[in-house]
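Heads up, the thing below is written out as structure tokens.
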Amino acid sequence: MDELKFNKLFAGVLLAALLLMAGIKAGQVLVPSHHGHGHGGEKVANAYPIEVTVVADAGTAVAAPAGPEPILALLAEADIAAGMKLAKKCTACHVFEEGGANKVGPGLWNIVNAGKGAVDGFGYSAALAGFGGAWDYQALNAFLYKPKAYIAGTKMNFAGLKKPKDRANMIAYLRSLSSAPAALPTDAEIASEAE
Ligand code: HEC
């Protein structure tokens, strides 16, 4: 081996060693070890949980729903008959008549403005039973858009009504299922929902 070749080889080995060391350093900086200073006292066995956390956060962010679009302004002009047709999507699980029995889901007569999880004799999920509040128009809009996004852990297995018009028609139909239908939203309520 002549001297030039040897020098090149030596330089190559040196460069490789430097890159390796730089790589290890960078690794320590990017994925710090948590020995001796775990957050809030929880034990961090190694650096990998950090990456797992980052992935989980990204997933949640992506899954966050973009909707539901406001529907209060659509209610006064909504099509109750169209809502009644849409209700075929619900009748596998729900009965709509007054005094109707609970099936897979609770009876839905007089549901607008009723307390959440308040139908007698129905075994609600803990998630819905503990959610609180009433089924006002906006709660129904959010729930019917994507039940599991509005109430995480609900046992209502229904993908949701993605079109604002469908939700408005459905909610107008639900509103009609009462001996004293709830008041339509006021202009002020419509304006504040749109904000
Ligand atoms: C596959 C069955 C299924 C379908 C389809 C379904 N639901 Fe439900 N629904 C349920 C169950 C089960 C619950 C109770 C959820 C819980 O306890 O978490 C529920 C709860 C509800 C509630 C809350 C009732 C209360 O008393 O708090 C409303 C409102 C509702 N459903 C409306 C609808 C509408 C409107 C449709 C159709 C567009 C529909 N659901 C389709 C099963 C279903």
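Quantities reported herein were computed from a predicted structural model and do not represent experimental measurements. Read the numbers this way: they start at 1 and go in the same order the structure lists the ligands and their atoms. What's counted below: heavy atoms across the whole structure, side chains too, no hydrogens, waters or symmetry copies.
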I need the atoms of ligand 1 closer than 4.0 Å to a non-hydrogen atom of [X], numbered in the order shown.
X    : answer
S125 : 16 (C), 17 (O), 18 (O)
M170 : 35 (C)
I111 : 24 (C), 25 (C), 26 (O)
L140 : 29 (C)

Practice task
Give a yes/no verdict on whether any heavy atom in A92 is under 4.0 Å from an atom of ligand 1.
Solution key: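 So A92 does not count as touching ligand 1.
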For [X], give me all partners under side chain to side chain contact (heavy atoms under 4.5 Å, CB included), at least two apart in sequence or on another chain.
X    : answer
K116 : L128, F131, W135, A139, Y150
P164 : E69, I71, L74, R167
V95  : E97, K103

Problem - Shared hydrophobic cluster for L86 and Y145 (ILVMFWY, side-chain gaps under 4.5 Å) - result: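 Shared cluster, no.
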Practice task
Report yes if some heavy atom in the side chain of M84 is under 4.5 Å from a heavy atom in the side chain of F96; otherwise report no.
Solution key: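 Not in contact.
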Problem - Straight-line distance of E189 CD to Y137 OH, nearest 0.5 Å - result: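 OH of Y137 is found 9.0 Å from CD of E189.
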Exercise for the section: Name the closest protein heavy atom to atom 12 (C) of ligand 1, giving the residue it belongs to and the distance to 0.1 Å. Expected result: V104 O, 3.2 Å
Could an N or O of ligand 1 be found under 3.5 Å from any N or O of [X], whether backbone or side chain?
X    : result
K89  : no
F96  : no
N157 : no
K116 : no

Handout entry: Nearest candidate to atom 26 (O) of ligand 1, where distance is taken over non-hydrogen atoms, out of W135, F122, Y124
Key =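 Looking at heavy atoms only, the winner is Y124.
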Practice task
Could you tally the protein N/O/S atoms lying less than 2.8 Å away from atom 8 (Fe) of ligand 1?
Solution key: 2
